[in-house]
Amino acid sequence: MTNYEIIKSHRLKAGISLGQLAKATELDKGGLSKIENGKSNPTVKTLAKVCKVLNLKVEIVEDK
């Protein structure tokens, strides 16, 4: 699985909308959408924020 597949899968399993994730991470909804669609690679800082909200370990996502 790629970063975007992991992030999107866990967000959907958690029942969190993209807007809710954006608000919780204080990140741009459009930017998160690009990450989830594989059109943009997140920075480590962005990845850490998303992983914190989704209860993921950053190492798991970084290894993929």
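Position 1 is the first residue of the sequence, and the numbers go up from there.
Annotation: side chain to side chain donor-acceptor pair (under 3.5 Å) contacts of Asn37 (sequence neighbours excluded): Ser33. The side chain to side chain donor-acceptor pair (under 3.5 Å) test applied to Ser17 returns Gln20, not counting sequence neighbours. Residues passing the side chain to side chain donor-acceptor pair (under 3.5 Å) test with Thr25, sequence neighbours excluded: none. With sequence neighbours excluded, the residues forming a side-chain contact (heavy atoms from CB on, under 4.5 Å) with Lys29 are Leu18, Ala22, listed by chain and number.
Counting only residues at least two apart or on different chains, the salt bridge (charged side-chain N to carboxylate O under 4.0 Å, His left out) pairs with a member in residues 10-19 are Arg11-Glu36. Residue pairs that meet the salt bridge (charged side-chain N to carboxylate O under 4.0 Å, His left out) test with at least one member in residues 37-53, sequence neighbours left out, do not exist here.
Inter-residue side-chain proximity for Ile35 and Val50 is flagged as unmet; no heavy-atom pair is nearer than 4.5 Å. Taking 4.5 Å as the limit, some side-chain heavy atom of Leu47 sits within range of a side-chain heavy atom of Ile7.
A single hydrophobic cluster is seen to contain both Leu56 and Ile16, as judged by linkage of ILVMFWY side chains at heavy-atom distances under 4.5 Å, directly or through other members. In the hydrophobic clustering of ILVMFWY residues, with side-chain heavy atoms under 4.5 Å counting as a link, Ile6 and Leu54 come out together.
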